[in-house]
Structure formats: structure tokens, C-alpha cells
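Labels below follow one simple rule: chain letters A, B, ... track the order of the sequence lines, proteins then strands, and each chain is numbered from 1.
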Number of protein chains: 2
Amino acid sequence: MFSIGDLSRRTGVKVPTIRYYEQMGLVAAPERSEGNQRRYSRQELERLAFIRHARDLGFAVEDIRSLIDLSGHPEQPCGHADKIAEEQLISVREKIAQLKRLEAELERIATCCNGQTVGDCYVIRALSDHALCADEHG
Amino acid sequence: MFSIGDLSRRTGVKVPTIRYYEQMGLVAAPERSEGNQRRYSRQELERLAFIRHARDLGFAVEDIRSLIDLSGHPEQPCGHADKIAEEQLISVREKIAQLKRLEAELERIATCCNGQTVGDCYVIRALSDHALCADEHG
DNA sequence: TCTTGAAGCTCTAGTGACTAGAGCAATTAC
DNA sequence: GTAATTGCTCTAGTCACTAGAGCTTCAAGA
């Protein structure tokens, strides 16, 4: 049996976060010691590692809930799991595209400032006047 | 003079968000009509457009506060403004790098599933077993 | 002038995914 | 036995909004 601290060290999930996941129903409430401390089995360790891994990949808690539900039914078709992963991939790609637009604009703004004072600072001027932007962002 | 709705239409900032910015002290409390409704001047319109633009570029509200303070002192050196923009650029680049790692991993996971059921679904297996990952992420 | 409907007002609470802190109790190592 | 560490519950804070209730004001047409 593992204490909550053991679980935290083995999965990389912080102790308060584990308790938060329990509150949210992502992990089941575990057994308790005589002194009311949480005691986890290996199965619960694995589930938490699964959650950690999915969070690292950017899945929302609700998606993780679905994936956990699915993994409890290994005989069902996996179209739903594939769909969740694919949508996550699409969402990550959209975020990358948006951030790249920002990067381009910021790069232009941050490197074009040859001014000495705020009065002729390109950063401030560019923010004040959208017309100075190279293209649409946001 | 503009109503809060005029301001919203002209800047693209939603009405509740304008009120929220006022509460946060990002925009000053404007004059009021006899019936207690907000009435904005052109100057306030421009400030809100500045804020909108900076938010679109991903600046945090605290950074925007600094940039606004700076823009009120055009005679001061603009090193601080440049620094804020540069740090924002660095932070955007870090986010892009992290998301690209996720993209690679998700692509591998989402496209490798040739299974029919959850039991042999690569998405579920990859999440359960970090050892299946191509490299470190998260 | 009256009426109607849109727009405005304040206030509270909710979002997501945690994080921080207070004030205790239990466990573990020496 | 004792001291340090770890654990417990509970509340509140983070960020940047967003939603909703219940009310008032405004602008345009009849």
C-alpha cells in the first residue's frame, strides 16, 4: 500500500492535486489507515499515472474521464477513444498556428524598436495602432 | 460620447469584459449619464483598443498595466517596454516548442491505432504505459 | 405622449485545473 | 520518547473572464 506521498513521488502528481482529483471523481476515494490517512493500491497508482500522462498531453479532465470509462470496457469499439485523441491533436495544432502568428507579430514589434524613449518606442506605438500590424491576429 | 455598447462594437471587447477591466483598474471609471450609464470619450476608446490589441498578442493583464503606465510617460527610456515584449516573445516561443512536442506524440498515438476494440486501442495503451512514448513530454 | 424592446445597471457565482495556507493529527526515524 | 515529516480538512486565491438574476434607462416608432 502507498501513502499519498508515495503516490505523488511515483507519478509526479502533487499531493494536493491527487486530493483534488479524488474530489473531482477522477480517482476513487481509497482505503484509509486507522489514523484516517489515504492508502493506495497498485491499481490506483496506475490509474493516476494514466491521468498524469493524459494531462501532460493536454487532454482536458473531462476527456480523461471519458478515456478512463472506456478503458474499463476493453470489449467495446475504440472509435470514441480515437476521436478524443484526434480532436486533441487538432486543438493542439490550432493552438500552434495561433501562437505562430503571435510570434511573428511580436518578433516584428520587439525587434523594430530603435527608439530611445517611450515616446518613440515601436512596442508602444504598435500596440496603440493596429494599423501598424503586419496582418490579422487574435 | 460612446455608450458601453458602442465601445464594445468598436473595439471587439465584450461589454462585461469592459466592466471587468474597469473593476481591475485597467480602464478608468468613465463619466455617467443622468441615468447612471457609462459614457466614454475617444481617449477611453483608444485605451481599450490598446488593451484589446495587447491581449490579442497574449500579454498578461499585469504586463498591460505596466505598458499603459509607461505610455503615460513618453519621455522615459523604453527599455522596460522592450523587455516586456521580449519576454512575451520568449514565452510564446516556449509554448510553441512544448505544443510541438505534444503534437508529435499525439500524432503518433492517434494514427497508430489499428485496433478494433478498446482492449487493443493504441490510444488507451499509450496512455496507460509511458514506456510506449517516443520521448519525454510534459 | 406612450409603448415596447434593446441596452444598461449591480451583484453574485461559476469556469478550469489547480495552488496556498491555517491549524491540527498521525506516522516514522532515531 | 521525541522531533521531524507527512498527512488531514477546510477555506480561499489564481487568471481572465463569463453567466445569470432582477432591475432601470434609453431610443425609436405609432
Give me the distances for all protein-to-nucleotides 17-19 of chain D N/O pairs that come in under 3.5 Å?
{"unit_1": "D:dC17", "atom_1": "OP2", "unit_2": "B:Tyr21", "atom_2": "OH", "d": "2.7"}
{"unit_1": "D:dC17", "atom_1": "OP2", "unit_2": "B:Arg55", "atom_2": "NE", "d": "2.7"}
{"unit_1": "D:dT18", "atom_1": "OP2", "unit_2": "B:Thr17", "atom_2": "OG1", "d": "3.2"}

Polar atoms only, N or O, under 3.5 Å: list the protein pairs with nucleotides 6-9 of chain D and their distances.
{"unit_1": "D:dG7", "atom_1": "OP1", "unit_2": "A:Ser3", "atom_2": "OG", "d": "3.0"}
{"unit_1": "D:dG7", "atom_1": "OP1", "unit_2": "A:Gly5", "atom_2": "N", "d": "2.4"}
{"unit_1": "D:dC8", "atom_1": "OP1", "unit_2": "A:Arg38", "atom_2": "N", "d": "2.8"}
{"unit_1": "D:dC8", "atom_1": "OP1", "unit_2": "A:Arg38", "atom_2": "NH1", "d": "2.9"}
{"unit_1": "D:dC8", "atom_1": "OP2", "unit_2": "A:Arg19", "atom_2": "NH1", "d": "2.3"}
{"unit_1": "D:dC8", "atom_1": "OP2", "unit_2": "A:Arg38", "atom_2": "NH1", "d": "3.4"}
{"unit_1": "D:dC8", "atom_1": "O5'", "unit_2": "A:Arg38", "atom_2": "NH1", "d": "3.4"}
{"unit_1": "D:dC8", "atom_1": "O3'", "unit_2": "A:Arg32", "atom_2": "NH1", "d": "3.4"}
{"unit_1": "D:dT9", "atom_1": "OP1", "unit_2": "A:Arg32", "atom_2": "NH1", "d": "3.3"}
{"unit_1": "D:dT9", "atom_1": "OP1", "unit_2": "A:Arg32", "atom_2": "NH2", "d": "3.2"}
{"unit_1": "D:dT9", "atom_1": "OP2", "unit_2": "A:Arg38", "atom_2": "NH1", "d": "3.0"}
{"unit_1": "D:dT9", "atom_1": "OP2", "unit_2": "A:Arg38", "atom_2": "NH2", "d": "2.9"}

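The heavy-atom pair separating A:Asp82 from B:Cys121 by the smallest distance is OD1-SG, 3.4 Å. Nearest heavy atoms, B:Val118 versus A:Ser71: CG1-CA, 3.9 Å. In this structure, B:Asp56 and A:Gln98 approach most closely via the heavy-atom pair O-NE2, 4.4 Å.
Counting heavy atoms from C-beta on, the side chains of A:Leu26 and A:Ile64 come closer than 4.5 Å. Counting only heavy atoms from C-beta outward, the side chains of A:Phe2 and A:Arg10 approach each other to under 4.5 Å. Proximity of B:Pro30 to B:Glu22: side-chain heavy atoms (C-beta onward) are separated by under 4.5 Å at one or more points.
Rounded to whole Å, atom P of C:dG14 lies 17 Å from atom CD of A:Glu62. Note: CE (B:Met1) to P (D:dA27) measures 13 Å, nearest angstrom. Atom-to-atom, CD of B:Glu22 to C1' of D:dA16 comes out at 17 Å; the value is rounded to the nearest Å. For the pair A:Asp56 CG and C:dA17 P, the computed distance is 14 Å after rounding to whole Å. If you measure from atom CE of A:Met24 to atom P of C:dG14, you get 13 Å, rounded to the nearest angstrom. Between B:Ile64 atom CD1 and D:dA16 atom P the separation is 8 Å, expressed in whole Å. Look at CG on B:Leu7: it is 16 Å from C1' on C:dC9, rounded to the nearest Å. Between the CZ atom of A:Arg52 and the P atom of C:dA17 there is a distance of 15 Å, given to the nearest Å.
Side-chain atoms of A:Ser41 and A:Glu44 form a donor-acceptor pair, as typed in the model, at a separation below 3.5 Å.
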Would A:Phe50 and A:Ile68 satisfy side-chain contact (heavy atoms from CB on, under 4.5 Å), going step by step from the backbone distance to the final call?
CA-CA 9 Å; A:Phe50 181 107; A:Ile68 287 173; 4.0 Å; yes
Between B:Arg65 and B:Glu62, is a salt bridge (Lys or Arg N to Asp or Glu O under 4.0 Å) present by the stated rule, with each step listed?
CA-CA 5 Å; B:Arg65 213 188 289 275; B:Glu62 276 318 297; 3.1 Å; yes
